[in-house]
Protein chains: 2
Amino acid sequence: MLDNITNPTTAPTRPSRKTEDLRTVAETARRPEHRYGNRPTMKDVAARAGVGLKTVSRVVNGEAGVTPDTERRVQEAIESLGFRRNDSARVLRKGRTASVGLVLEDLADPFYGPLSRAVEEVARAHGALLINGSSAEDPEREQELALALCARRVDGLIVIPAGHDHRYLEPEMKAGVATVFVDRPAGRIDADAVLSDSFGGSRAGVAHLIAHGHRRIGFIGDQPRIHTATERLRGYRAAMEEARLDVEDSWVSLGPTDPERVREAVTAMVSGPEPVTALFAGNNRVTVTAVRALAGREHPVALVGFDDIELADLLGITVIAQDAAALGRTAAERLFRRLDGIEEPPAQVVLKTTLIPRGSGEIPPPPSA
Amino acid sequence: MLDNITNPTTAPTRPSRKTEDLRTVAETARRPEHRYGNRPTMKDVAARAGVGLKTVSRVVNGEAGVTPDTERRVQEAIESLGFRRNDSARVLRKGRTASVGLVLEDLADPFYGPLSRAVEEVARAHGALLINGSSAEDPEREQELALALCARRVDGLIVIPAGHDHRYLEPEMKAGVATVFVDRPAGRIDADAVLSDSFGGSRAGVAHLIAHGHRRIGFIGDQPRIHTATERLRGYRAAMEEARLDVEDSWVSLGPTDPERVREAVTAMVSGPEPVTALFAGNNRVTVTAVRALAGREHPVALVGFDDIELADLLGITVIAQDAAALGRTAAERLFRRLDGIEEPPAQVVLKTTLIPRGSGEIPPPPSA
DNA sequence: TCCCCCTCTGACAACGTTGTCCAGGGCCTA
DNA sequence: TAGGCCCTGGACAACGTTGTCAGAGGGGGA
C-alpha cells in the first residue's frame, strides 16, 4: 500500500556484449533526473571549498575544531551551491530520526485538531517533527499506518486505537519504538495510555440529569467496539443504577455517528407514548446532531453531551468537557520521557472531565412526566 | 533548532597506544543500545535463511525471480526475527521519500483540520505519508519548518504561508521539491497557489448586507500582513464603493484575532452615537467572538462572517463558506501531478465561495437608522 | 635544535538498502 | 551430447552522511 516509492521502469536488461554500452546505460540510470534533482552533497561542497568531506560535515553541524578561515570558505561554498544537508542520510547514520508518528482517527474532527497540535508542540520542543495519519476508525488502516511509521523508523508512536489488538506492535516496541496510546487503551498488550475519564464523566453527566428530575433518560453513543463508547455507556448505567432507575432497552442506542443514524435514534427516543425526557450524547458528533434534531421541538428535551463544542456556550448546551490538548500534551510528554531513557512500567493516566452547565442539561422534565 | 538528533556525548578520545583497547571502544560505540534497538537487518535475515542479501530484498519488495521454496524460507526468517524494512535506508538509496510536508498555521484551527485531512487522503492515494507542522503565523517558524522538511527530503511541500517572502524556497524548488501554496499566495516567487476567492466572497457578503438596507457596515479582520485579510477588506471596500457608500475609518479594524481585541472592536463599532448596523467578520475566529459579543444586545446587529462554522446553522449565522477540504485536495492533486512529472507554468487556482443566508445577515437595520 | 603535544584536517568505513551485473544450473533444441 | 538460453541467486557498489583515527603542521619547552 504505502509502498509505491518510484519504481522507474528500469530499462529492460537486454544483454549485450559491449561492456561500454552497459556502462553507459548504468551511468544514466544511476542518476535519474529526479533523484533529489541532483542536489549538491557534502562532497560537492568539499570539492568547491577545497577541503575534506569531514570538514564540511563539521561546519554544517557546528562542531568545534575548524579555523574561522576554513569555515568561511565552506560556508561560501554551501551558499553558492545551495547545499542543504540530507537528513535521510543523517538519520541512517545516526539511528534516530527525530520524528514521531501520530495515528489518530480523523484529523478533521475538531476533537483531534487540538490534540494533534499539542503533540506537535511537545515534539517541537524536543526538536522532532510530527508525521500523522488518520485511521478513519478502521483497524486495518491503523495497523498499516502504524507499521509504515515504524518502517520510517519514527522514534516514537502515539496511537489513538481503532482496533482492539495491538500485538502487531510488540516487535516494534521491543525494538525500541516508544509507544503511547491516547484516548483509548491498547488492546492485548501492556502499554502506556492516556485517557479521559469517560466512565466518571458520563456518570456525572447522567447524575446531573437525574438531579434535575429526569427519570427517563436516553443514551446515544458511538459503535460498541470503541472503548470510550462502552465506557460512557457504563457510566450511564452506573448513574441510573445508583438512582435505582431501570433502563429500558429502547433508551440505549450505540452505532455509527453519522447524522442519519443519530437523528433516527433521537427521534425514536423522544417520540412515542413514553418518550425519554432527557438525552445523554456520547460524543461531539452525536451532540451536534442531537441538538439539530431537537431544535424546534415544542416540548424541550434536556441534553448533556460528552465533549465540549465550539459555540456550545451560545447554544446553551451542557457538556462534559474533556481537554483534548491536555491529552495530547500528556501523551507526548510521556513519550519523550521514555525516549530520554526513563524506564517505568507502562501506566494508564486518566484525566478528569468537567461538567459545564449551560442550560440544556438543566431543563426539567415536563410536569406530565 | 530542529537539530538535536542524539548527540551521544562521544567518549572522550583520550589517546591510547593499545590498539586493542581502541578497537573495543569503537565496537561498543558502533552499536549503541538504542540504535534502532539493534533491529535485525536484511543481512541478518539473509544469514538466517541461508540466502543472499539481495534475495531477501527481492522477497521483501515482492520482486520476481525467487523460487517459492526460497521465498518461504526468507519469510520464515523475517517472521522469526521480527524484521521490518528500514525505510530510511530505502529512501536514501531510492531518492524519493514518498512523503510530503504540510506547513500550516495551526492544526487546532477548525479550518485547517479538514484541509489537512484532505491533503492526507490524496497523499495516501499516492502512497505517501504526511508530515505537518504549524507555523503559528510566524514567518520565521514557517521558514524553519519548511526547510527542515526539505532537509528530510520530502518529495513535495504544501505551504500555507505566514510570511511574504518565499525566496528561501527557490533553491529547494529548483532542486526538485514540488511546492504548492494554499490559502494565500507565495511571496516574491512564482509558484502554484490554490486560493479561495476572498475578494469576491467578501464583496458578495457585504453586498448582501447592503441589499438588506444597511449603510453603516463595519469590517473586522485579521492582521493586515495576512493576504486573505487584506483581500477581504478590499472586497468590503469594493462592495461599499459600488453602492456609493463612504467608509468611515472607525468602521474598519484589522489586527490579531484574539477574543479580547475582537470583542473591543465589536463593542466600539456598535456603540456610540452613530453605531454600525451590520458587521462583516473577516474569518471564523472573528465571527465566533462577534457572535458572542453581540449576543444579548437589545438592538440586533446584522452579521455576515467569512468561513463556515460548525453549528452556525443552529445559531442562524449567515456566512461566506469556503471549502477547506477542496482547497487541500486541489492543492495536493496539483502537487502530485507535478511529482508525476507534468510540466506546466505555475498557476493560481481560485475556488469559489458560497453565501449561505441563515438569518443573521438578513436582519434589517433598525428603523431609526 | 629536538621533541612533544596540541590543533586542525582528511581518509576511510559504516549505516541498511537497492541496482547492476555475473555465475551457475537446469532445460530445451539441434 | 553440446550449445544456448532462461531462471535464480549472490557479490558488490552506491546513496550521503557521521564516527574513528591518523597525519600534518606549528608552537613551546628542554
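Side-chain atoms are counted along with the backbone in the values below, which use heavy atoms only and exclude waters and symmetry mates. Chain identifiers are assigned alphabetically (A, B, ...) following the order of the sequence lines, protein sequences preceding nucleic acid strands; residue numbering begins at 1 within each chain.
Not counting sequence neighbours, Phe83(A) has no partner by the ring-ring contact (aromatic ring centres under 6.0 Å, His included) test. Under the rule for a salt bridge (Lys or Arg N to Asp or Glu O under 4.0 Å), the partners of Asp192(B) that lie at least two apart in sequence or sit in another chain are Arg334(B), Arg338(B). By the side chain to side chain contact (heavy atoms under 4.5 Å, CB included) test, Ala191(A) is found to be paired with Met173(A), Phe181(A), Ala186(A), Ile189(A), residues two or more places apart in sequence or in another chain being considered.
Taking atom CZ of residue Arg39(B) and atom P of nucleotide dG16(C), one finds them 11 Å apart after rounding to whole Å. Remark: P of dT18(C) and CZ of Arg96(B) are 17 Å apart, rounded to the nearest angstrom. Going from atom CD of Glu71(B) over to atom C1' of dG9(D) covers 14 Å, rounded to whole Å. Going from atom CD of Glu63(B) over to atom P of dT20(C) covers 11 Å, rounded to whole Å. One can place CG of Leu92(B) at 12 Å from C1' of dA14(C), the figure rounded to the nearest angstrom. Rounded to whole Å, atom P of dG16(C) lies 21 Å from atom CZ of Arg58(B). Rounded to a whole Å, the CZ atom of Arg84(B) is 16 Å from the C1' atom of dT17(C). In this entry the distance linking CE of Met42(A) with C1' of dC15(D) reads 14 Å, nearest Å.
Taking every side-chain heavy atom of Thr41(B) into account, dT17(C) is the closest of dT17(D), dT18(C), dT17(C). Nearest nucleotide to the Val66(B) side chain, out of dG9(D), dT18(C), dT17(D): dG9(D). Among the nucleotides dG10(C), dG16(D), dT18(D), the one closest to any side-chain atom of Asn61(A) is dT18(D). Taking only side-chain atoms of Lys94(A), from C-beta outward, the nucleotide of dG19(D), dT17(C), dG9(D) with the closest atom is dG19(D).
Residue pairs meeting the salt bridge (Lys or Arg N to Asp or Glu O under 4.0 Å) criterion with at least one member in residues 65-75 of chain A, sequence neighbours excluded: Asp69(A)-Arg72(A), Asp69(A)-Arg73(A), Arg72(A)-Glu76(A).
With respect to Glu172(B) and Arg153(B), no salt bridge is recorded, no charged nitrogen being found less than 4.0 Å from a carboxylate O. A salt bridge does not link Arg329(A) to Glu121(A): none of the charged nitrogens lies less than 4.0 Å from a carboxylate oxygen.
OP1 or OP2 of dG16(C) has not a single side-chain nitrogen or oxygen of Ser88(B) nearer than 4.0 Å. One finds a side-chain N or O of Thr67(A) lying less than 4.0 angstrom from the OP1 or OP2 phosphate oxygen of dT9(C). Taking 4.0 angstrom as the limit, Arg85(B) places a side-chain polar atom (N or O) nearer than this to OP1 or OP2 of dT18(C).
The NE2 atom of His166(B) sits 7.0 Å away from atom CG of Leu169(B), with the distance rounded to the nearest 0.5 Å.
End-to-end axis angle for the helix from dT1(C)-dA30(D) to dA30(C)-dT1(D), using five pairs per end and rounding to 10°, comes out at 60°.
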Residues Arg117(A), Asn132(B); criterion side-chain hydrogen bond (donor to acceptor under 3.5 Å, both in side chains); working and verdict:
CA-CA 10 Å; Arg117(A) 175 70 198 273; Asn132(B) 47 17; over 6 Å; no

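Side-chain atoms of Ser134(A) and Asp106(A) form no donor-acceptor pair, as typed in the model, at a separation below 3.5 Å. At a cut-off of 3.5 Å, with distance as the only test, a side-chain donor of Arg85(B) or Asn61(B) sits close to an acceptor on the other residue.
Each of Thr70(B) and Ala89(B) lies near DNA chain D, and the nucleotide nearest Thr70(B) is the one positioned closer to the 5' end.
Below the 3.5 angstrom threshold, one finds a donor paired with an acceptor across the side chain of Arg93(B) and the base of dT18(C).
Within a heavy-atom distance below 4.0 Å of DNA chain C, the residues of residues 47-57 of chain B found are Leu53(B), Lys54(B), Ser57(B).
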